Amino acid sequence: MDLSLLRTFVTVHRAGSFTRAAALLGLSQPAVTSQIRTLERQLGRPLFLRRARGVTPTTIGDELAHRAAPHLDALVEIAETELDEGSGVRTLHLAGPPEFISLRALPALTPLITQGLALRGTFSADTDETLEGLAAGHHDLAIVTARPRGGLLTATPLCDEEHVLVAAPRWAGRLGPGTLRRNGPVVLEQLPVVEVHESLPLVSRYWTAVFDSRPAAAGAVIAPDLRAVLECTAAGAGLAVLPRYLCEGALERGEVVALLDPPVPPLRTYFLAARTGTLALPHLARAHEWLLRAAADW
């Protein structure tokens, strides 16, 4: 069987679309369609069901992908090893939320540089986008906030992060903890909010967990990086919900204060994801294990 047909098939399976697979492979969509049809004729079975948006693998398609993908990844690994032999350095491509990758994951992996590992980080707060890039082979490992579905990707819980409702001291002085507990949603609508997205994902999750309600406020400052959210909050722009690890220093220095101390603080779980079978590769397995050990102290 032509390995190029299998490569195209696995790419379509991971991308969920002939169009996205064509872009990843540098081929035209008709060429990808033709290769899939050729493979289906050789096997005598359909591999995908065409949908209005993309394609869905058949049972045979899923089975073939689970069997073929690890071996194709191993062949790519062999080719990359040949390219890297001259320098003796292997490259790890790690993707995930910018703050978490910058402040936790990449620093934790830096000791591996002396063991011949080069690091490349990709920032993305969109879990679906990150997992799509991982499945397509753009990343080796990914840190995400949702467990991936299906069998082409594997995921291991990495750590939980506690979320804290914070504001600059001048805002805290105007509010009392009892007021927030009794009238949290009403108070929120009256205060400026600093968030990473117009949908207020962190504030909404916090309010659902603590107040069992949804916020009706709009963001006063929207910045797609939690470090910017922290700086604006400390400058007095409004209240924000932040991971404790990110704002711990600012809390200790009194730059921001926690507005609430709920009995059960809201948590978010991070997962460390990889393509199925790729953890058999020594440099990926080493980085994977290193991150899991480091996360025990997070």
Side-chain angles (χ1 to χ4, degrees), residues 10-17 20-21 24 54 56-57 61-63 65-77 80 90-110 112 117-161 163 196 201-202 205 224 226 243 245-246 267-298:
V10 170
T11 304
V12 172
H13 191 277
R14 287 172 168 169
S17 159
R20 287 195 293 272
L24 293 169
T56 302
D62 267 335
E63 182 179 351
H66 292 313
R67 292 188 177 188
H71 299 290
L72 288 171
D73 288 335
L75 289 174
V76 171
E77 171 71 10
E80 291 179 348
R90 304 308 316 280
T91 301
L92 171 73
H93 296 269
L94 176 67
E99 313 84 12
F100 196 92
I101 294 294
S102 299
L103 301 178
R104 285 195 154 175
L106 285 178
L109 289 171
T110 53
L112 296 182
L117 186 70
L119 302 174
R120 300 291 182 269
T122 298
F123 296 158
S124 174
D126 187 319
T127 289
D128 291 337
E129 178 182 283
T130 301
L131 290 175
E132 184 176 311
L134 177 64
H138 297 315
H139 322 305
D140 298 313
L141 297 175
I143 296 175
V144 292
T145 56
R147 189 185 293 274
R149 298 178 180 178
L152 283 182
L153 300 177
T154 61
T156 305
L158 184 63
C159 65
D160 292 328
E161 69 174 17
H163 284 179
V196 294
L202 298 178
R205 187 180 296 115
L226 288 175
Y245 82 86
L246 182 67
L267 301 175
R268 178 167 64 173
T269 300
Y270 282 104
F271 297 90
L272 182 56
R275 290 187 301 282
T276 300
T278 58
L279 293 182
L281 307 176
H283 73 294
L284 296 190
R286 187 166 66 251
H288 188 274
E289 180 61 27
W290 200 275
L291 283 172
L292 291 179
R293 288 205 305 266
D297 297 325
W298 295 344

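Treat the numbers as computed from the prediction; the structure is a model and nothing was measured. We number each residue from 1, following the sequence as shown.
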Is there a side-chain contact (heavy atoms from CB on, under 4.5 Å) between Arg268 and Leu202? Walk through the geometry before answering.
CA-CA 10 Å; Arg268 178 167 64 173; Leu202 298 178; 3.9 Å; yes
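- Taken from OG1 in Thr127 to CD1 in Ile143, the straight-line distance is 11.0 Å, to the nearest 0.5 Å.
- Side chains of Leu281 and Arg90 form no contact here, defined as non-hydrogen atoms less than 4.5 Å apart.
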Might you work through the side-chain contact (heavy atoms from CB on, under 4.5 Å) test for Phe100 and Cys159, ending with a clear yes or no?
CA-CA 11 Å; Phe100 196 92; Cys159 65; 3.7 Å; yes
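- Crowding of Arg149 atom CZ: a count of heavy atoms from other residues, nucleotides or ligands under 6.0 Å not exceeding 12.
- The two residues Glu129 and Ser124 have their closest heavy-atom pair at OE2-OG, 2.9 Å.
- Using a distance-only test at 3.5 Å, with no hydrogens or angles considered, no donor-acceptor pair links the side chain of Arg275 to the main chain of Asp140.
- Counting all heavy atoms, side chain and backbone alike, Phe271 lies closest to Ala146 at CD1-C, 3.7 Å.
- The closest side-chain heavy-atom distance from Leu284 to Leu92 is below 4.5 Å.
- The shortest heavy-atom contact between Ala69 and Arg14 is CB-NH2, 3.6 Å.
- Under the 4.5 Å side-chain criterion, counting only non-hydrogen atoms from C-beta, His66 is not in contact with Thr276.
- The line from CG of Leu117 to CH2 of Trp290 is 10.5 Å long, rounded to the nearest 0.5 Å.
- In this structure the side chain of Pro157 reaches within 4.5 angstrom of the side chain of Arg147, judged on heavy atoms.
- Considering all non-hydrogen atoms of both residues, Pro243 and His163 come closest at CA-CD2, 4.0 Å.
- Counting only heavy atoms from C-beta outward, the side chains of Leu119 and Leu106 approach each other to under 4.5 Å.
- The nearest pair of heavy atoms linking Ala287 to Leu141 is CB-CD1, 4.1 Å.
- Here the side chains of His138 and Thr122 are not in contact, with every heavy-atom distance at 4.5 Å or above.
- Proximity of Thr11 to Arg20: side-chain heavy atoms (C-beta onward) are nowhere separated by under 4.5 Å.
- Glu161 and Tyr270 are linked by a side-chain donor-acceptor pair at a separation below 3.5 angstrom, with hydrogens and angles left out of the test.
- Taking both residues in full, the closest heavy atoms of Pro224 and Glu99 are given as O-OE2, 4.4 Å, listed atom of the first, atom of the second, then distance.
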Using side-chain contact (heavy atoms from CB on, under 4.5 Å), reason through His288 and Thr156 one step at a time and then give a plain yes or no.
CA-CA 10 Å; His288 188 274; Thr156 305; 3.8 Å; yes
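- Within the 4.5 Å cutoff, no side-chain heavy atoms of Leu158 are placed close to those of Val144.
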